[in-house]
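Okay, so here's the structure we're looking at.
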Amino acid sequence: MTKARSAFLAAAEERGFLHQITDRAGLDALLAAGPVTSYIGFDCTADSLHVGSLLQIMLLRLWQKTGNKPIVLMGGGTTKVGDPSGKDETRRMLSEAEIAANMAGIRRVFERFLTFGDGKTDAVMVDNAEWLDRLEYIPFLREYGRHFSVNRMLSMDSVKLRLEREQPLTFLEFNYMVLQAYDFLELARRYNCAVQMGGSDQWGNIVMGVELGRRAEERVLHGVTSQLVTTSSGAKMGKTAQGAVWLNADRLSAYDYWQYWRNTEDADVGRFLRLFTDLSMAEIKRVDALKDGEINRAKIVLATEATALAHGRKVADEAAETARRVFAEGGIGANLPVTETSKAELGSGQPAIHYFHRTGLAPSLSEARRLIRGGGARINDKVVADENAKLSLADLNADGVIKLSAGKKRHALVKPV
């Protein structure tokens, strides 16, 4: 492979972002000639994105840092259809109000990662409902339907896998790839957007958009994908036994976010430093060289740098200091996640399993019981031996809280109000 001339491709390839490119040489030449506009779409299926979407956000961040203009496309229109990619069943239909609320929550994520404004390389946020909601069915089919082959659409993984498994695929979902392709054409018209990026599961949809631009208007468009990220053990990014790793602080505390990265598998530290932090390659190589007993230092760097991007440097440093106090000194840590309860409720002597569940240390009551049976549950750093144990006001420590722990690394506070 020839060395990239453009700053984006050189950095993206060095850091391990890229998987597929429709025309690498053509894209490299385009980027080398000046600022280029690219977009990634995000459907509004929840009120926050999670870590599974972080690679795409970092890709947009790198795009902007290397002198190009990013578009964040909110799927206010496509969310009403539902992307079948990677799904075994139809997504739940959301109301207009739910989609609007989810979009408002997702918007906040990007303010940490991108610079928005009216400048040549400033990011813009666009909602595809602006044009999709206004499409007229028959005129749209006559103008654009002729550019899509049903044979080709049936060969797409998002469709083929459903059919092979004899799982239902609605005609509504079947239209998703057509609408995504049209999004690309519409952004090319409105913003001179020449590149669509996304995860490798979007490759077929992206290529259809590139081809629609060529067939409908003889536009030269480009597609770029990144590999879907899994851990060395094969686990999917963004999910843990406790649930999704959300990017919004109101869905997951900054401390728990920091802990997620701190618990990275040893073999993934260097790769995640390249993908999920802004550290220079020289610094990453230095940190990645830490092995064996020093690997935890590298994990702390990863956790702090990743958290600084999502929540701010001050909050990240506070999370790191809280962890140091909790682990090194056996203290409480001011920034541990807090679950409030009434004094009356705590005074009545509630089962401890309820609080392990409510604080998020256990995803269910049955898991809380298993945690206690396995010896992993602690109240104020003392092992809980009885799964029927109760919390009461007598368990409050000198700070007026109760510290709950699941294993050695996950902690939460219960505070009466």
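For clarity, every value in this text was computed on a predicted model and none was experimentally measured.
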Any side-chain to backbone donor/acceptor pair from S53 onto L49? Under 3.5 Å, distance only. no

Compare every heavy atom of A368 with every heavy atom of F356, then report the nearest pair and how far apart it is. CB-CB, 4.0 Å

Less than 4.5 Å apart, side chain to side chain, heavy atoms only: is that true for D47 and I106? no

Would you name the heavy atoms of R251 and S48 that are closest together and state the gap between them? CG-CB, 4.0 Å

So R152 and E211, salt bridge (charged side-chain N to carboxylate O under 4.0 Å, His left out) or not? Walk me through it. CA-CA 12 Å; R152 177 82 180 278; E211 293 180 352; 3.0 Å; yes

Walk me through it: do L273 and V269 pass the test side chain to side chain contact (heavy atoms under 4.5 Å, CB included)? CA-CA 6 Å; L273 283 167; V269 174; 3.9 Å; yes

Chi angles and distances behind the side chain to side chain donor-acceptor pair (under 3.5 Å) call for T307, W261: CA-CA 8 Å; T307 304; W261 294 104; 5.2 Å; no

Could you check S226 against Q56 for side chain to side chain donor-acceptor pair (under 3.5 Å), going step by step and ending with a plain yes or no? CA-CA 8 Å; S226 54; Q56 305 310 314; 2.8 Å; yes

Hey, mind stepping through T225 and H19 against side chain to side chain donor-acceptor pair (under 3.5 Å) and telling me if it holds? CA-CA 5 Å; T225 66; H19 180 53; 5.2 Å; no

Measure from the side-chain N and O atoms of H50 to the backbone N and O of V245, and report whether any donor-acceptor pair falls under 3.5 Å. no

Keeping the roles fixed (side chain from K299, backbone from T264), state whether a donor-acceptor pair exists under 3.5 Å. yes

No-hydrogen, no-angle side-chain donor-acceptor test under 3.5 Å, N205 and Q202: yes

Test H354 against L365 for side chain to side chain contact (heavy atoms under 4.5 Å, CB included), laying out the working first. CA-CA 6 Å; H354 286 280; L365 294 178; 3.9 Å; yes

Flag the pair L247 / H311 as yes when at least one side-chain heavy-atom distance between them is below 4.5 Å, and no otherwise. no

Report the distance from atom OH of Y144 to atom CG of L179, rounding to the nearest 0.5 Å. 12.5 Å

Return the minimal non-hydrogen interatomic distance between S232 and A267, and the atom names on each side. OG-CB, 3.4 Å

Evaluate the criterion side chain to side chain donor-acceptor pair (under 3.5 Å) for residue pair S38 and Q196; output intermediate values, then yes/no. CA-CA 6 Å; S38 176; Q196 180 182 177; over 6 Å; no

Mind checking the CD1-CG spacing from I402 to N380? Nearest 0.5 Å is all I need. 6.5 Å

Can a donor-acceptor pair be found, under 3.5 Å and without considering hydrogens, that links the side chain of T79 to the backbone of C44? yes

Can you see which heavy atom on A320 is nearest to which on T304, and at what distance? CB-OG1, 3.7 Å

Spacing of OG1 belonging to T231 relative to CE belonging to M237, to within rounding of 0.5 Å: 8.5 Å

Counting N and O atoms only, with roles assigned by atom type, does the side chain of K3 sit under 3.5 Å from a partner on the main chain of A10, one being a donor and the other an acceptor? no

When you measure from the side chain of E13 to the backbone of A4, do you find a donor-acceptor pair of N or O atoms at a distance under 3.5 Å? no

Rounded to the nearest 0.5 Å, what's the gap from OH on Y191 to OG1 on T37? Could you check? 10.5 Å

Could you tell me if the ring centre of F116 sits under 6.0 Å from that of F110? no

Within a strict 4.5 Å, meaning less than it, do heavy atoms of the W203 and T22 side chains meet? yes

For the residue pair Y255 and W258, does the interplanar ring angle fall in the parallel (under 30°), tilted (30 to 60°) or perpendicular (over 60°) class? parallel

Check whether any side-chain heavy atom of Y355 lies under 4.5 Å from a side-chain heavy atom of I379, and answer yes or no. no

Give the minimum heavy-atom separation between A129 and G76, together with the two atoms involved. CB-C, 3.8 Å

Any donor-acceptor pair under 3.5 Å linking the side chain of W63 with the backbone of F8? no

Can you see which heavy atom on G199 is nearest to which on L228, and at what distance? CA-CD2, 4.1 Å

Stepwise, does the side chain to side chain contact (heavy atoms under 4.5 Å, CB included) test hold for I57 with I40? CA-CA 8 Å; I57 298 173; I40 298 179; over 6 Å; no

Separation of L309 CG from Y257 OH (nearest 0.5 Å): 8.0 Å

Please tell me if the side chains of L62 and F17 come closer than 4.5 Å, counting only heavy atoms from C-beta onward. yes

Would you call M153 and M208 a side-chain contact if the rule is heavy atoms closer than 4.5 Å? yes

Do E283 and V301 come close enough that some side-chain heavy atom pair is under 4.5 Å? no

One thing to verify: whether E318 and R313 come together as a salt bridge, which I'm taking to mean a side-chain N less than 4.0 angstrom from a carboxylate O. no

Take V195 and V224 through the side chain to side chain contact (heavy atoms under 4.5 Å, CB included) test and state the conclusion after the steps. CA-CA 7 Å; V195 183; V224 175; 4.0 Å; yes

Quick one, R107 with E111, criterion salt bridge (charged side-chain N to carboxylate O under 4.0 Å, His left out). Give me CA distance, side-chain angles, the key distance, then yes/no. CA-CA 7 Å; R107 285 177 185 271; E111 295 169 0; over 6 Å; no

Check for a donor-acceptor pair, side chain of N248 on one end and backbone N or O of D250 on the other, with a separation under 3.5 Å. no

Check: R378 side chain, V383 main-chain N or O, donor-acceptor pair, under 3.5 Å: no

Using the rule given for salt bridge (charged side-chain N to carboxylate O under 4.0 Å, His left out), can you reason through R271 versus D288, listing the C-alpha separation, both sets of side-chain angles and the distance that settles it, and then say yes or no? CA-CA 9 Å; R271 180 164 59 107; D288 194 28; over 6 Å; no

Within residues 116-134 or reaching into it, pairs that qualify as side-chain hydrogen bond (donor to acceptor under 3.5 Å, both in side chains) - sequence neighbours excluded: T78-N128, K80-D133, N128-D183, E130-R190, W131-D183

Has R24 got a side-chain atom pairing as donor or acceptor with T2's backbone, closer than 3.5 angstrom? yes

Do D395 and K403 touch side chain to side chain, with heavy atoms closer than 4.5 Å? no

In Å and rounded to the nearest 0.5 Å, what is the NZ to CD distance from K69 to Q64? 8.5 Å

I'd like to know whether the aromatic ring centres of F184 and Y39 sit less than 6.0 Å apart in this structure. yes

